[in-house]
A.B. asks: 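I'd like to ask you about the structure that follows.
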Amino acid sequence: MSKIDYIQSMQLYFASNNDHKRIEMSRLLGGHTLLLPKDKGIAFDPDETGSTYIENAVIKAEALYSIVHAPVISDDSGLSVKALGGAPGVHTARYGDDTADHELSSRDRYMLLLKNMEGVKDRSAVFTTALCLILDENRRYIIQESCEGAIALEPSGTSGFGYDPVFWIKEAGVISAELPEGEKDRYSHRGKAARLMAMLLEKEEKR
Ligand code: IMP
């Protein structure tokens, strides 16, 4: 078996229930096959009680590792807005839930963000991703990367997901949802973190 075959055949679990995230992470890691807990009939819904992205990524990875005892990768991401004191941060996925009596769409959430930013001049914000890889009891790696930018004055673009229509990427000089999917990977917090993780997995293959 070649080294490439070995690493591609290594069972790597992804601590998520989301097929879309699995496909994206697999692509970002260079085509690595990722198993979801549900593929093995495992119910997986740990409480994300951390106050940082790293804490939440570690919670998810440890929870899954304690069940499967095989290599596990997890991720946690969010948007921190300077003028809002770093909010929504680790609560990004649930932003606005405390004031709503119905399920909020992504659009509802980014429109609420724009409303809460009305009149704000310093609109700087940062997307962050933490990845945690547990290979065995004694070997784990954590990577955190970010994508700096600003909250736009109004939504624009149709690609991406979540807050992409209102996030202006400093390095690219455009709103995230205006970039084609593959191009966003070049600048995104997740793209940067996953490229580093891919290097780590490649190094693992050479051990
Ligand atoms: P998660 O931890 O990766 O699920 O990210 C938490 C939330 O942050 C998601 O529900 C999205 O709303 C938002 N988010 C994370 N990454 C991005 C991105 O690249 N673009 C837009 N929104 C994102």
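Every number for a ligand or one of its atoms is a count from 1 in the order of the listing. Atoms considered below: every heavy atom in the structure, side chains included; atoms not considered: hydrogens, waters and symmetry mates.
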A.B. asks: Mind jotting down which protein residues get a heavy-atom contact under 4.0 Å with ligand 1? Chain and number order, please.
C.D. replies: Lys21, Asp76, Ser77, Thr92, Ala93, Phe127, Phe161, Gly162, Tyr163, Asp164, Lys184, His189, Arg190
A.B. asks: Can you check side-chain hydrogen bond (donor to acceptor under 3.5 Å, both in side chains) on Ser80 and Tyr53, steps first, answer last?
C.D. replies: CA-CA 11 Å; Ser80 297; Tyr53 305 111; 3.2 Å; yes
A.B. asks: Using ring centroids (six-membered ring only for Trp), state whether His91 and Tyr95 fall under 6.0 Å.
C.D. replies: no
A.B. asks: For residues 143-159, which side-chain donor-acceptor pairs fall under 3.5 Å, sequence neighbours excluded?
C.D. replies:
residue, atom, partner, partner atom, Å
Ser156, OG, Glu178, OE2, 2.5
Ser159, OG, Ala177, O, 2.8
Ser159, OG, Leu179, O, 2.5

A.B. asks: My understanding is that a hydrophobic cluster links ILVMFWY residues whose side chain heavy atoms are under 4.5 Å apart, including indirect links. Using that, what else belongs to the cluster containing Leu104?
C.D. replies: none
A.B. asks: Within the 4.5 Å heavy-atom criterion, are Leu12 and Leu201 side-chain neighbours or not?
C.D. replies: yes
A.B. asks: Give the table of side-chain donor-acceptor pairs shorter than 3.5 Å for residues 82-89, with sequence neighbours excluded, one pair per line with atom names and distance.
C.D. replies:
residue, atom, partner, partner atom, Å
Lys82, NZ, Asp122, OD2, 3.2

